[in-house]
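Worksheet: one structure, shown below.
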Amino acid sequence: MTASEQTVPDETDAHDVAAQEIEFDLLAGWTEDAVRELGPEYAIPAGCRGSGSPSDLAWLAEALVIGRETRVVDVGSGVGGPAGWLADHFGAQPVCVEPMRSAAAAGRRLFGLPTVVAGAEALPLRSGAFDAVQSLGVLCTVPRPQRPAVVRELRRVLRAEGDLGLLVFVARGPLPGPLPEGNDFPTEEALTELLEGAGFTVVQSMESDGLAQAPVAWQERADAVDDLLARHHGDDPRWQRAQEQTERISRLIGGGHVRPLLVHARAAG
Ligand SMILES: C[S@@+](CC[C@H](N)C(=O)[O-])C[C@H]1O[C@@H](n2cnc3c(N)ncnc32)[C@H](O)[C@@H]1O
C-alpha cells in the first residue's frame, strides 16, 4: 500500500471534499509517493510546491538568523519542504505543526522532523518556547475572522524579541474572479495592522518574485514531480480540481493582483 492509499477519500467523493483538503492533504500523500519513485533529492522541491522558492527560504532564514541552536517552529508546515530545507542548509531541527493529517505524516516520513497535528489557532506548544517562528503561505488560507487568534498564537510561542518570518500572498486591489476556493488574501496594510495588534513590529518586508527566481535545477525537480503526479492522477477529478485551484492562483499572481510578500517581524520585548 502506498502512503496516499492509507488516507485518501474515495474518488467519487470529489465534490464533497473541500478544495483545501484535496490541495493540502490528498496531494501531500501523492507527493510523498512521487518522491519515493523519483528519489530523495526531489523531496525538498516537491515539499515546497506552491510556496517558497529557494531564495525566499534563504531570505527568511537569514532574517530569522537561523543556526543549529535556534529553536524554530514551522506553523502550517505542509509536506515539510521549507522545514526540511532549514534542517538541510542551516542544521536547525524545526518543529513542524500542520493540521492536515496526511500532510503531517508525509512530512514526518520524508524529513524525519518532529511534527504535531494541530491548527495554528491553538498551538499545543509552550509559551515563549521558540526563538523563531516561520509560516509560509498559511495566513492567506486562514479565514479572516480567525487570523487575529492565529497571529496571537504565533506571538505566544515566541520568546520576547523572537523573530517571525512569513510568506503571505497579499492582494494589491480588488481581485478578478473566479477566485481560488478557501483563500482570502489580505492587503499588506491589513497584514501590518494584524501583526501590530498582536505585539509584533515589522522589521522588513519584501516582495518576492516567487518561483520565477528558482534555479532551473530546482524547477526541473518540481516539474518532474508535477509530471509524475499528472501521469498517475491526471484522470482523477480531484487532481483536476487541484489544478484548477493552482491555475486560479497563478492567474492572480501572473496578473499582479496578488503578490508573494516576505515579512520579518519581531515580537515585543
Ligand atoms: C500553501 S500551503 C503551504 C505549506 C507549507 N508552509 C509550504 O510552504 O510548503 C498552506 C498550509 O497551511 C495549512 N493551514 C491551513 N489552515 C491552517 C491553520 N488554521 N493552522 C495551521 N495551518 C494551516 C494547510 O494545511 C497547508 O499545509
Is a salt bridge present between [X] and [Y], judged by a nitrogen-to-oxygen distance below 4.0 Å?
X	Y	result
Arg251	Glu247	no
Arg172	Glu188	yes
Arg109	Glu32	yes
Asp236	Arg241	no

Are the side chain of [X] and the backbone N or O of [Y] linked by a donor-acceptor pair below 3.5 Å?
X	Y	answer
Asp25	Ser102	yes
Asp163	Ala132	no
Gln245	Glu181	yes
Ser135	Leu166	no
Gln219	Ala214	no
Gln240	Gly234	yes
Arg108	Thr115	yes
Arg152	Gly197	no
Gln134	Asp74	no

inquiry  = How close do Cys140 and Arg147 get, counting heavy atoms only, and between which atoms?
reply    =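 Closest approach of Cys140 to Arg147: CA-NH2, 4.4 Å.
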Measure the spacing between [atom1] of [X] and [atom2] of [Y] and express it to the nearest 0.5 Å.
X	Y	atom1	atom2	result
Phe185	Ile253	CZ	CD1	7.0 Å
Trp218	Tyr42	CH2	OH	13.5 Å
Asp184	Arg144	CG	CZ	4.0 Å

Say whether [X] and [Y] are linked into one hydrophobic cluster, either directly or through other cluster members, by side-chain heavy-atom distances under 4.5 angstrom.
X	Y	value
Val72	Phe111	yes
Leu191	Leu262	no
Val117	Val79	no
Val168	Met206	no

note = Applied to residues 122-131, the salt bridge (charged side-chain N to carboxylate O under 4.0 Å, His left out) test, sequence neighbours excluded, yields Arg71-Asp131, Asp131-Arg159
key: Working for side chain to side chain contact (heavy atoms under 4.5 Å, CB included), residues Leu175 and Val258   = CA-CA 8 Å; Leu175 302 179; Val258 163; 3.8 Å; yes
query = So, for His233 and Trp30, is the gap between ring centers shorter than 6.0 Å?
reply =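 Yes; Trp30 has its ring centre under 6.0 Å from that of His233.
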Trace of the side chain to side chain donor-acceptor pair (under 3.5 Å) decision for Asn183 with Thr141 = CA-CA 5 Å; Asn183 283 99; Thr141 69; 5.8 Å; no
message = Please evaluate residues Ser127 and Arg156 with respect to the criterion side chain to side chain donor-acceptor pair (under 3.5 Å), reporting the C-alpha separation (whole Å), side-chain torsions for both, the decisive distance (0.1 Å), and the verdict.
response = CA-CA 5 Å; Ser127 300; Arg156 182 184 65 75; 3.0 Å; yes
key: Side-chain heavy atoms of Val35 within contact of Leu110, under 4.5 Å   = yes
